[in-house]
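What you see is a predicted model; the values in this text were computed from it and never measured.
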Amino acid sequence: MKYFKYYLIAFITIIIDQASKMLVYYNMMLREEIPILGDWFKIHYTLNPGMAFGLEFGSAYGKLGLSSIRIIAMVFISYFLYKFIKRKIHPALLISGALILGGAIGNLIDSIFYGVLLEGNVMPYQENAMLYPWFHGQVIDMFYFDIWSGYLDIPFWGKTYMSFWPIFNVADSAIFIGVVMLLIFQKHYPSEKKNN
């Protein structure tokens, strides 16, 4: 039971993440927006070929490398979560690890399967992606907080359109919350729980 509850958090994170992505995929057109709180918070359907918050490596081989890194990270996080549960580490650390694991798996599912199972979700680098599309799926993002957007003139870069807050999904949120929990509460984690 002590192992189950933390992996259950990861599993529930994955289910909520995938359900929200399927709701967007099957009910919205690409780049369609649904205002929730005026122009400030919108559901905006977009595809992300790279990492969390729109970062990417810029090639099909980069995407394959990113998918491989995600698989390795998922295995390591699963292993360390198991070890930390066994050592009776503070529950806040275990919850943050479970959220990070669930978020990592949620986006990994997109990367592995969406290029094949969902039409239009394959990477834009068609010449290489079509050779092994299983690891070239694009991630569905939808939460958009439009705090500020406009053009900035960046030295040596030129004029570019920027948005203050990127578009993200449930998996990105879970990873972000898990990391923030680690940073905020790290000083309060005893190496082991004193009881039990």
Taking every non-hydrogen atom, the tightest pair across [X] and [Y]:
{"X": "Thr13", "Y": "Ala174", "answer": "CG2-CB, 3.5 Å"}
{"X": "Tyr151", "Y": "Lys159", "answer": "CB-CE, 3.9 Å"}
{"X": "Arg70", "Y": "Asn107", "answer": "NH1-O, 4.0 Å"}
{"X": "Gly103", "Y": "Ile175", "answer": "C-CD1, 3.6 Å"}

With heavy-atom distances below 4.5 Å as the criterion, would you say the side chains of [X] and [Y] are in contact?
{"X": "Val139", "Y": "Tyr114", "result": "no"}
{"X": "Ile95", "Y": "Tyr6", "result": "yes"}
{"X": "Tyr26", "Y": "Leu118", "result": "yes"}
{"X": "Phe185", "Y": "Leu93", "result": "no"}
{"X": "Leu47", "Y": "Ile140", "result": "yes"}
{"X": "Met142", "Y": "Lys21", "result": "yes"}

Roughly how far, to the nearest 0.5 Å, is the [atom2] atom of [Y] from the [atom1] atom of [X]?
{"X": "Ile14", "Y": "Ile105", "atom1": "CD1", "atom2": "CD1", "value": "4.0 Å"}
{"X": "Phe145", "Y": "Asp39", "atom1": "CZ", "atom2": "CG", "value": "13.5 Å"}
{"X": "Glu32", "Y": "Thr46", "atom1": "CD", "atom2": "OG1", "value": "12.5 Å"}
{"X": "Leu108", "Y": "Met74", "atom1": "CG", "atom2": "CE", "value": "5.5 Å"}
{"X": "Leu94", "Y": "Met181", "atom1": "CG", "atom2": "CE", "value": "9.5 Å"}
{"X": "Tyr144", "Y": "His44", "atom1": "OH", "atom2": "NE2", "value": "7.5 Å"}

Joint hydrophobic cluster, [X] plus [Y], side-chain heavy atoms closer than 4.5 Å:
{"X": "Tyr79", "Y": "Ile77", "value": "yes"}
{"X": "Leu37", "Y": "Met28", "value": "yes"}
{"X": "Ile100", "Y": "Val75", "value": "yes"}

Main chain of [Y], side chain of [X]: is a donor-acceptor contact present, judged purely on distance under 3.5 Å?
{"X": "Tyr7", "Y": "Ser78", "result": "yes"}
{"X": "Asp17", "Y": "Ala171", "result": "yes"}
{"X": "Asn27", "Y": "Leu23", "result": "yes"}

Exercise. Evaluate the ring planes of Phe84 and Phe80, with Trp represented by its six-membered ring, and classify them as parallel (under 30°), tilted (30 to 60°) or perpendicular (over 60°).
Key: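 Rings of Phe84 and Phe80: tilted, 30 to 60°.
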Quiz item: For Asp110 and Asn48, does a side-chain donor sit closer than 3.5 Å to a side-chain acceptor?
Solution: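 Per modelled atom types, Asp110 and Asn48 side chains form no pair under 3.5 Å.
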Quiz item: More than 12 non-hydrogen atoms from neighbouring residues, nucleotides or ligands closer than 6.0 Å to OH on Tyr25, yes or no?
Solution: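 It does: Tyr25 OH has more than 12 such atoms within range.
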Quiz prompt | Verdict with supporting geometry, Glu33 and Ile43, side-chain contact (heavy atoms from CB on, under 4.5 Å) | solution = CA-CA 6 Å; Glu33 288 185 348; Ile43 302 297; over 6 Å; no
